[in-house]
Amino acid sequence: ARITEIMLHKFKVQTKARAAVIDVTAQVRKAVEQSGVSSGLCCIFTPHTTAGVAINEHADPDVGRDILATLEKLVPEKGDYRHYEGNSDSHIKSTLAGCSQTVIIEDGRLLLGTWQGIFFCEFDGPRQREVWVKVAPGP
């Protein structure tokens with residue numbers, strides 16, 4: 001039977017630091033498996049203006065640390081910002097990371113490269129956050 005319903009899955013991420021890169025690949029894979037979609041697209045989205053979603057290497061945790069360190073150099077926490085909440089750097093980092101990623105699904109699996117993983121990027125924590133996964137069957 002052909003699956004025509006587009007499935008939406010949500011899960012929470014509890015961050016423990018102001019800035020963090022958290023591997024959520026397993027949760028996204030689970031959403032794809034639960035959807036029953038064998039061929040299509042998976043959109044991973046976060047509805048937060050001070051967080052992001054990225055795809056990068058997940059074999060070496062130093063990659064995430066390096067990304068955060070470089071973003072902090074590019075967009076320091078303290079700067080000549082006007083946003084009254086004091087988290088302008090977090091909004092800028094979120095814009096640079098982006099709030100979503102799309103991954104192809106084939107044979108019921110995410111088509112990620114050998115070293116790729118999906119990451120929730122926290123820039124204004126610690127907080128409880130949400131990640132939304134929309135799984136859509138292909139033609």
Side-chain angles (χ1 to χ4, degrees):
R2 181 164 161 74
I3 297 170
T4 56
E5 180 182 354
I6 297 175
M7 307 295 293
L8 175 65
H9 302 265
K10 296 180 181 182
F11 61 88
K12 295 188 183 314
V13 177
Q14 179 64 54
T15 64
K16 295 179 170 70
R18 185 168 195 276
V21 175
I22 300 164
D23 190 342
V24 295
T25 309
Q27 293 97 314
V28 176
R29 280 192 175 122
K30 183 177 177 183
V32 170
E33 289 171 11
Q34 290 176 345
S35 76
V37 170
S38 62
S39 179
L41 295 174
C42 176
C43 178
I44 306 100
F45 173 82
T46 186
H48 306 290
T49 60
T50 56
V53 177
I55 294 176
N56 214 301
E57 181 178 330
H58 71 141
D60 183 352
D62 284 337
V63 173
R65 189 211 62 82
D66 292 347
I67 290 168
L68 291 175
T70 300
L71 284 172
E72 185 58 31
K73 286 179 189 172
L74 293 171
V75 187
E77 183 176 352
K78 302 296 180 208
D80 185 23
Y81 307 124
R82 294 187 179 185
H83 181 51
Y84 68 92
E85 290 181 351
N87 62 351
S88 288
D89 68 306
S90 302
H91 290 286
I92 295 165
K93 291 168 186 168
S94 172
T95 299
L96 292 172
C99 62
S100 68
Q101 295 288 328
T102 302
V103 180
I104 298 167
I105 301 167
E106 199 57 53
D107 296 324
R109 294 180 24 253
L110 293 166
L111 287 188
L112 292 169
T114 301
W115 305 110
Q116 288 182 320
I118 303 165
F119 296 90
F120 175 81
C121 303
E122 174 66 81
F123 302 118
D124 194 27
R127 295 178 187 236
Q128 183 168 308
R129 302 292 202 156
E130 280 193 338
V131 175
W132 299 350
V133 180
K134 192 80 159 177
V135 180

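As the structure is a prediction and not an experimental result, all values here were calculated from the model. Each residue takes its place number in the sequence, starting with 1. Values below: every heavy atom of this structure, side chains too, minus hydrogens, waters and symmetry copies.
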Next item on the list: Drop me the distance from S88's OG to K93's NZ, to the nearest 0.5 angstrom.
Entry: 11.0 Å
Checklist line | Value rounded to 0.5 Å, distance of SG in C43 from CD in Q101 | finding: 9.0 Å
Item checked: Flag side-chain contact, heavy atom, 4.5 Å: F119 against I67 -> no
Notebook entry, point to check: What heavy-atom pair brings A51 and S94 nearest, and what distance separates the two atoms?
Noted result: O-OG, 2.6 Å
Check: Which distance, rounded to the nearest 0.5 Å, do you find between the SG of C42 and the CG of L111?
Finding: 11.0 Å
Expected list for residues 11-28: side-chain donor-acceptor pairs under 3.5 angstrom, two or more places apart:
unit_1 : atom_1 : unit_2 : atom_2 : d
K12    : NZ     : E130   : OE2    : 3.2
Q14    : NE2    : R127   : O      : 3.2
T15    : OG1    : E122   : OE1    : 2.9
T15    : OG1    : R127   : N      : 2.9
T15    : OG1    : R127   : O      : 3.1
R18    : NE     : E77    : OE2    : 3.4
R18    : NH1    : D89    : OD2    : 2.9
R18    : NH2    : D89    : OD1    : 2.9
R18    : NH2    : S90    : OG     : 3.2
D23    : OD1    : T25    : N      : 2.9
D23    : OD1    : T25    : OG1    : 2.6
D23    : OD2    : H58    : ND1    : 3.4
T25    : OG1    : I118   : N      : 2.7
T25    : OG1    : I118   : O      : 3.4

Checklist line | Inter-residue atom distance D60.CG - W115.CH2, 0.5 Å rounding | finding: 10.5 Å
Item checked: Sidechain-backbone polar pair: Q116 side chain, I55 backbone, donor-acceptor under 3.5 Å -> no
Checklist line | same_hphob_cluster(I104, V32) at 4.5 Å side-chain heavy-atom cutoff | finding: no
Check: Where do W132 and L8 land on the side chain to side chain contact (heavy atoms under 4.5 Å, CB included) test, with the steps shown first?
Finding: CA-CA 7 Å; W132 299 350; L8 175 65; 4.1 Å; yes
Note to self: For Y81 and I92: C-alpha separation, side-chain torsions, deciding distance, then whether side chain to side chain contact (heavy atoms under 4.5 Å, CB included) applies.
What the structure shows: CA-CA 11 Å; Y81 307 124; I92 295 165; 3.9 Å; yes
Notebook entry, point to check: Should the heavy atoms of other residues, nucleotides or ligands under 6.0 Å from CG of L74 be counted, would the total exceed 12?
Noted result: yes
Notebook entry, point to check: Is the closest side-chain heavy-atom distance between H9 and S35 below 4.5 Å?
Noted result: yes
